[in-house]
Amino acid sequence: MKHHGGTPPVVLFSSMSEEDRHLRFEGESDCEPAPLPTLRHSCSHIMAQAVKQLFPDVKLAIGPAIEDGFYYDFAKPEPFTSEDLLRIEQRMSEIIVKDLPFVREERPREAAIRFFEERGEPFKVEILKGIDAATVSLYRQGDFVDLCRGPHVPSTGHIRAFKLLSCSGAYWRGSEKNPMLQRIYGTAWLSREDLDKYLWRLEEAKKRDHRKLGRELDLFVFQDVSPGAAFWLPKGMVIFRELERFWRDVHDARGYQEISTPVLVHKRLWEQSGHWDHYRENMFLVEAEEQIFSLKPMNCPESTYVYRHHLRSYRDLPLRFSELGRLYRFERSGTLAGMFRVRQFTQDDAHIYCRPDQLQAEIMGVLEIVQLLYGAFGFEPRFFLSTKPEKAMGDPALWQQAEAALQDALAKRDLPHELRAGEGAFYGPKIDVVISDVLGRDWQLATIQLDFVMLPERFALEYIDADGQPKRPVAIHRAIYGSFERFVGILTEHFAGAFPTWLAPVQARVLPVSEKVAAYGRSVFERLREAGIRAELDDRNEKLNYRIREAQLQKIPYMLIVGARESQDGTVSVRRRTDGDAGVVAVEGFLAGLAAEISSRSVTLTVGRS
RNA sequence: GCCGGUGUAGCUCAGUGGCAGAGCAGCUGAUUCGUAAUCAGCAGGUCGUGGGUUCGAGUCCCACCGCCGGCUCCA
């Protein structure tokens, strides 16, 4: 891959997954020869050995190390039960105690094929027939032999900390045309402490699950009547609106013009854009008066109608049309997952139409917005540049100019990136942005996608250049949050429901100690509300401790406790959700501090007891 | 869509063929309380939906729907 100036890409992490390495025979070995992948790979062999001992009729498929663990696929008519998993785990422990050495053997490929044919392992034979090598290696531990390039730990006794996690169906070689196998997932670590830490992480993730917190904190729910689409409850809608407000503040100040285009659109549009040929199976169709319409799965084609509303001059460009468009995509029922995979969502989209010479400046502008928006949540974005694929359309010179513009824009903003050569779309190169949440999980959010073809060519977009000639603009598709739904899901889990004060559905709750000070409590509550604070008054006939506990569980950033003393002095006793009693302050002082915290959109008070 | 699991009160869950239950939440009353659960009473159900087996089905069987864990998909 040729680079077009700028700094060379910095590789942030290896792009080859352990699974690809193992399944597609990429690289030299079946797992990265580092201690942890090797250990996990060996553990998968031990699991296969245990399974073969307990269930002699199963056929072996394949068993790679993966991120955080390993799996092995088996052909078996009945699925494994959770009792089976316990028995397998126990047998594995016995194999580990025996400390069997892993022994490598090399054989001619033909001999290996005969060997596995005799042992009745059709999948191994199929793999071998696809391998282009004169000799292959086998690994043996005790009575178990597997086709494998290694490496492995010296003996089974090296496995100290492992656990089987789950089983599920998985297609042979990942294709749904192939038979379904039974996959067992496990995890293995260098020490007991590491394993415990990992299991704790799983537990923590479960506690933070946005589906659970969404219900408990009254943010959003899902109902049978609309699979894959959220019902936003009042408190969740507060977060949605704050994110919208922030987004609009940022875009309004940077020359974006917000538009809104129809949701229900005639199929003619999708035929012109190419979606009808390439994306129809993901579109919801609606028939009316013998005409076929679709709920829009994307905003882009329609933004061209806004562009074409006027004849455009080179002086008009760039035009930055933003749109918070509600999109509908048919996703197969088995793929839906809370807010993370939905059928209806709100994309924070924008389409920038510019001249080729404006590309770099526009991309830098988008990158600035990415950093600004993500910085507000403490996310540190990583950037991936995808370049021209083999089947690309458009002028090669334009491709080169565009890739250079993307790369230079990243370099000028001092942003390291990883190159994904050949992974751009057919209509242009792109930058994808990935963040890691507090639990170390990666999420791809933003995408900055250049487009020479889909919008400009298919919709014949033009501007009149300085020389009086019509020219074709370049389009930039970009989304920063990605979708509000998914972003709120990620934020909910990232903050474990304890949103920064500016996002918190309820920012302060007033708790009068008893009915005797109810009137003062109400006056404090009303002052907060008049100051634009999202406040609640909890003057129910319950003990203070009870009401504090509830406010704490609702993860409300500030509790204002008022009794006789505060009532007399015009003060409030502040309790913060993170660290409890914060002392007594005058109401005015508290209001000023809170207003400053909110308007600066600081990431505050986010670590609390869960 | 495929494999498996699962669906009982607003929530969390018990209930293995014989009168639908508990805790929390809700409502009513008592209590007037200083930094994470006061006490008592009351009310709450088409057991996901539709069929079937049975004298009798929350429970057994079939189909469908939703959800969960994966697979596949995500021009």
Side-chain angles (χ1 to χ4, degrees), chain A residues 19 66 71 73 75-82 84-85 165-185 202 206 209 211-212 215-216 218 221-228 270 273-283 297-298 300 329-338 340-343 389 391 393 424-427 444 449 453-454 511-518 539-555 559-567 572-577 579-584 608-610:
Chain A
E19 205 164 5
I66 53 173
Y71 67 75
D73 286 343
K76 177 173 176 289
E78 299 298 319
F80 293 101
T81 64
S82 42
D84 292 341
L85 250 55
L165 298 173
S166 61
C167 41
S168 69
Y171 299 109
W172 166 237
R173 293 203 152 165
S175 165
E176 59 186 326
K177 295 188 186 91
N178 287 339
M180 186 159 269
L181 308 171
Q182 301 301 328
R183 173 173 300 179
I184 302 178
Y185 283 94
L202 290 183
K206 218 180 279 177
D209 191 313
R211 292 166 294 201
K212 177 173 180 281
R215 192 174 51 239
E216 288 172 1
D218 300 317
V221 287
F222 290 87
Q223 302 286 356
D224 293 2
V225 289
S226 189
W270 309 111
S273 69
H275 288 86
W276 193 255
D277 288 335
H278 298 291
Y279 204 72
R280 191 180 354 169
E281 65 277 17
N282 285 88
M283 288 162 58
M298 299 185 191
C300 23
R329 297 182 184 172
F330 172 73
E331 304 286 0
R332 298 206 274 178
S333 59
T335 66
L336 301 174
F340 292 156
R341 188 72 183 271
V342 288
R343 286 178 175 161
K391 281 190 251 167
M393 291 178 71
F426 71 88
Y427 52 80
Q444 190 199 308
Q449 172 80 62
V453 180
M454 194 168 76
L511 308 178
V513 170
S514 79
E515 265 175 39
K516 289 173 187 155
V517 286
D539 57 359
R540 288 175 303 168
N541 179 13
E542 297 288 351
K543 291 185 75 169
L544 181 62
N545 275 354
Y546 178 87
R547 288 175 288 150
I548 285 173
R549 179 183 153 80
E550 282 215 333
Q552 196 75 45
L553 291 175
Q554 285 293 307
K555 308 191 194 258
M559 281 156 262
L560 304 179
I561 292 147
V562 295
R565 294 196 294 275
E566 290 80 6
S567 158
V572 289
S573 172
V574 178
R575 184 189 159 100
R576 289 198 289 250
R577 72 175 168 207
D579 50 0
D581 196 343
V584 175
R609 278 165 62 181
S610 54

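Within every chain, numbering begins at 1; the chains are lettered A, B, ... in the order of the sequence lines, protein sequences first and strands thereafter. On a predicted model such as this, the values are computed, not experimentally measured, just so you know. As a basis for the values below, the full set of heavy atoms in this structure was taken, side chains included, without hydrogen atoms, waters or symmetry mates.
- Rounded to whole angstrom, the span from the CG atom of A:L553 across to the C1' atom of B:rC11 amounts to 13 Å.
- With rounding to the nearest 0.5 angstrom, the NE2 atom of A:H275 is 4.5 Å from the CE atom of A:M454.
- In this model, a side-chain donor or acceptor of A:E566 finds a partner on the base of B:rG34 within 3.5 Å.
- In this structure, of B:rC2, B:rG34, B:rA36, it is B:rA36 that holds the atom nearest to the side chain of A:R549.
- Base pairing analysis places B:rU59 opposite nothing; no Watson-Crick or G-U wobble pair with both distances below 3.5 Å involves it.
- Pair assignment for B:rG23: B:rC11, on the basis of Watson-Crick or G-U wobble contacts that are both within less than 3.5 Å.
- Atom pair A:E550:CD and B:rU38:P shows a separation of 10 Å (rounding to whole Å applied).
- Two residues, A:S166 and A:F426, neighbour RNA chain B, and the one matched to the more 5' nucleotide by heavy-atom proximity is A:S166.
- A 6.0 Å sphere centred on CD of A:Q223 holds more than 12 heavy atoms belonging to other residues, nucleotides or ligands.
- Looking at which nucleotide of RNA chain B each of A:N545 and A:M180 is closest to, the 5′-most match is held by A:M180.
- The nearest whole Å value for the distance from the CZ atom in A:R183 to the P atom in B:rG5 is 18 Å.
- Among the atoms of the strands shown, only primed sugar atoms or phosphate atoms (P, OP1, OP2) are found under 4.0 Å from some heavy atom of A:Y185.
- When the nucleotides B:rA36, B:rU32, B:rA75 are ranked by their closest atom to the side chain of A:H275, B:rA75 comes out on top.
- Nucleotide B:rU6 holds its C1' atom 14 Å from the CZ atom of A:R211, rounded to whole Å.
- Rounded to whole Å, the distance from CD1 on A:I66 to P on B:rG70 is 10 Å.
- The distance from atom CD of A:E331 to atom C1' of B:rC2 is 16 Å, rounded to the nearest whole Å.
- Relative to the side chain of A:R341, the nucleotides B:rA36, B:rC74, B:rC33 differ in distance, and B:rC74 lies closest.
- In this structure, A:R332 atom CZ and B:rU72 atom P are separated by 11 Å, rounded to whole Å.
- Taking atom CZ on A:R173 and atom C1' on B:rC73, their separation rounds to 20 Å, with Å as the unit.
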